[in-house]
S.K.: 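Pasting a structure below so you can have a look.
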Amino acid sequence: MSLLRGLLKAGVSLCHSTLQTTRQISTGVCCLVRMNAIPELKKVDRWTEKRSMFGVYDNIGILGDFKAHPKDLIVGPVWVKGFRGNELQRLTRKKRMVGDRMMTQDKHDMEKRIRFLYRHFNRFGKHR
Amino acid sequence: MFRISVTVCGRGISKRLASSFSGENALPSNLRIPSNLVDRARAKRPPPPSDSSLPVLRRCDAAIPVHLSPVQTWVETLERRDSKLLGLVDLHPDVFAVPTRIDILHEVELWQRNFKRISRAHTKVRSEVSGGGRKPWRQKGSGKARHGSIRSPIWRGGGVSHGPRGPTSFYYMLPMKVRVQGLKIALSSKLAQDYLHVVDTLNIPTPDPQYLMDLIRYRHWGESVLIVDAGEELPENILQATESLKTVNVIPAIGLNVHSMLKHEVLVLTLEAVKFLENKLLWHNERFTPLYPFKLPYTDLP
């Protein structure tokens, strides 16, 4: 391939020298990015059930007599629903709420992580 | 699917424009029209005759401030395909003619997207990855770099030092009045941009989805329609008709929210839904600050 390319280039340069046009210089950097085809855009259906019904009942408190709160709609682990905190706060909350149900290795890892984060936040760095 | 329909619309628009060349629109032939342009035929749909006296079917229940006057819009039916206007309806200006604040809409939209978000991305730290308790080789003399465990973050297969940790939540609440104002602004902008239609009831003659699509296309409403009814019991016909349709959706009035209003092009409200929304949204203009949470009993909740 490179031999052929070299021969072609030699031939082209010869032709150009005979016709007295500009010289072609190649340093071999042009063919590093190989793109045989532009990849197709992925087809996303913007009107699936989930996408068209997103956000419904978010104002259930204001429009529904305050019997429910939007945080009751959140789907997820118990210790994280309607709660926002940094990693240490989330882990201590998890230990309080779910700790007695956890598997032993996971609980041990979590306790080690809590110990590490407590020391990290309260003893090192600028903000303690 | 949506993109295909949009390109078809784009082609249709260009054909219509090309056909109206010799008319009042002198557009150049090499003009490229974006495919998401609003349907031009919609702008040309004839406005209802101004001389016909239509009865006002509903006046506002709440007191309107003296310096404002109610906004009016027509009441239509869904029972026949052609647009027959039943009358006019008065809409409260503090709900349907609020000055448009796009920043509040943006805030409420971001809140709706993020407060429910729980990211479950989780990586193991070097202490959690299996193995790596033993020092791989002695500290000095082996000629290799010094290491304490095979699961340190610089090793292949080792733990991640600053990766995502566990289920993270992005929950926060905007003040109640900001969320209420967002709803009011969304309703006002739908009315101002001619995308709001009021309907007397949701009774349609057939449960056929094609009837609804014909009606929407005949009346040049738009591409996607959000139909809102007050109360939990919705007529069966409309439920069956919209079940198979993707861009036409029916929700009870309790489920109204800014994201759905922005996603669907057209909003269709029933008279009861208008009354319900005005009642709920106007209460916040003149309420006291809560001494205890609203979920505990109050005498004067709406």
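These figures come from a predicted structure and were not determined experimentally. Reminder, nothing fancy here: chain letters follow the sequence lines and each chain counts from 1.
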S.K.: Do the non-hydrogen side-chain atoms of A:Val80 and B:Tyr171 ever get within less than 4.5 Å of each other?
M.R.: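 When only atoms from C-beta onward are counted, B:Tyr171 and A:Val80 do not touch, as no gap falls below 4.5 Å.
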S.K.: Looking at B:Gly255, B:Pro252, B:Ser260, B:Ser127, which makes the most heavy-atom pairs under 4.5 Å with chain A?
M.R.: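 The residue among B:Gly255, B:Pro252, B:Ser260, B:Ser127 with the greatest pair count is B:Gly255.
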S.K.: Name the member of B:Gln112, B:Met176, B:Arg179, B:Arg120 that forms the most heavy-atom pairs with chain A at distances under 4.5 Å.
M.R.: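 Between B:Gln112, B:Met176, B:Arg179, B:Arg120, the count favours B:Gln112.
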S.K.: With a 4.5 angstrom heavy-atom cut-off, which part of A:Lys112 approaches chain B: side chain, backbone, both or neither?
M.R.: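 Contact with chain B involves the side chain of A:Lys112 alone.
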S.K.: Quick check: closest heavy atoms across A:Asn59 and B:Trp111, and the distance to 0.1 Å?
M.R.: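 Scanning both residues, the minimum pair turns out to be OD1-CZ3, 4.3 Å.
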S.K.: Please say whether more than 12 non-hydrogen atoms of neighbouring residues, nucleotides or ligands are located less than 6.0 Å from CZ in B:Phe170.
M.R.: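 Count over threshold, so yes.
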S.K.: Other residues, nucleotides and ligands only: do more than 12 of their heavy atoms fall within 6.0 Å of NE2 on B:His106?
M.R.: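 At most 12 heavy atoms, drawn from other residues, nucleotides or ligands, come within 6.0 Å of this atom.
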S.K.: Is there a side-chain contact between B:Asn257 and A:Tyr57 in this structure, where contact means two heavy atoms from C-beta onward sitting under 4.5 Å apart?
M.R.: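 No, side chains not in contact.
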S.K.: Side chain, backbone, both or neither: which part of A:His108 has a heavy atom under 4.5 Å from chain B?
M.R.: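 When you check distances to chain B, no heavy atom of A:His108 falls under 4.5 Å.
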S.K.: By a 4.5 Å heavy-atom criterion (distance strictly below it), what part of B:Tyr298 contacts chain A: side chain, backbone, both, or neither?
M.R.: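 For B:Tyr298, neither part sits under 4.5 Å from chain A.
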S.K.: Counting only non-hydrogen atoms closer than 4.5 Å, does B:Leu296 touch chain A with its backbone (N, CA, C, O), its side chain (CB onward), both, or neither?
M.R.: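 Looking at B:Leu296, nothing touches chain A.
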S.K.: So which part of B:Leu277 gets closer than 4.5 Å to some heavy atom of chain A, the side chain, the backbone, both or neither?
M.R.: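 Side chain of B:Leu277 only, per the 4.5 Å heavy-atom cut-off to chain A.
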S.K.: Which atoms of B:Ile118 are under 4.5 Å from chain A, going by heavy atoms: the side chain, the backbone, both sets, or neither?
M.R.: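 Only the side chain of B:Ile118 comes within 4.5 Å of chain A.
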S.K.: Quick check for you: to the nearest 0.5 Å, what is the distance between B:Lys263 atom NZ and A:Met53 atom CE?
M.R.: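 So the NZ of B:Lys263 and the CE of A:Met53 are separated by 10.5 Å.
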S.K.: Determine the option with the most heavy-atom pairs under 4.5 angstrom with chain B, choosing from A:Lys71, A:Glu87, A:Lys94.
M.R.: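 The option with the most such pairs is A:Glu87.
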S.K.: Are any non-hydrogen side-chain atoms of B:Val125 and A:Arg113 less than 4.5 angstrom apart?
M.R.: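 In short, these two side chains touch, coming nearer than 4.5 Å.
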S.K.: Where on B:Arg117 is there a heavy atom nearer than 4.5 Å to chain A: the side chain, the backbone, both, or neither?
M.R.: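 Contact with chain A involves no heavy atom of B:Arg117 at all.
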S.K.: Salt bridge (charged side-chain N to carboxylate O under 4.0 Å, His left out) for B:Lys280 and A:Asp65? Distances and angles first, verdict last.
M.R.: CA-CA 9 Å; B:Lys280 294 288 179 189; A:Asp65 279 345; 2.6 Å; yes
S.K.: State whether the number of non-hydrogen atoms from other residues, nucleotides or ligands found under 6.0 Å of B:Lys275 atom NZ is greater than 12.
M.R.: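 Atom NZ in B:Lys275 is not crowded, with 12 or fewer foreign heavy atoms closer than 6.0 Å.
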S.K.: Looking only at heavy atoms and a cut-off of under 4.5 Å, which of A:Trp79, A:Phe54, A:Phe83 has the most pairs with chain B?
M.R.: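 If we count pairs closer than 4.5 Å to chain B, A:Phe54 comes out on top.
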S.K.: Can you tell me if B:Lys295 has over 12 outside heavy atoms packed within less than 6.0 Å of its NZ?
M.R.: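 Count not over threshold, so no.
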S.K.: Should B:Asn249 and A:Trp47 be marked as a side-chain contact (heavy atoms from CB on, under 4.5 Å) after you check the CA-CA gap, both sets of side-chain angles, and the distance that decides it?
M.R.: CA-CA 11 Å; B:Asn249 296 306; A:Trp47 289 97; 4.2 Å; yes
S.K.: Please give me the minimum heavy-atom distance between B:Met173 and A:Pro70, naming the atom from each residue.
M.R.: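 The pair with the smallest heavy-atom distance is CE-CG, 3.9 Å.
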S.K.: Could you tell me which portion of A:Leu63 (side chain, backbone, both or neither) has an atom closer than 4.5 angstrom to a non-hydrogen atom of chain B?
M.R.: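 Both backbone and side chain.
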S.K.: Could you tell me which of A:Asp109, A:Asp106, A:Ile62 has the largest number of non-hydrogen atom pairs under 4.5 Å with chain B?
M.R.: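 That would be A:Ile62.
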S.K.: Under 4.5 Å, counting heavy-atom pairs only, tell me which of A:Pro77, A:Gly82, A:Gly64, A:Gly85 racks up the most with chain B.
M.R.: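 Option with the top pair count is A:Gly82.
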S.K.: Is the number of heavy atoms from other residues, nucleotides or ligands within 6.0 Å of CZ (B:Arg134) greater than 12?
M.R.: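 12 or below, so no.
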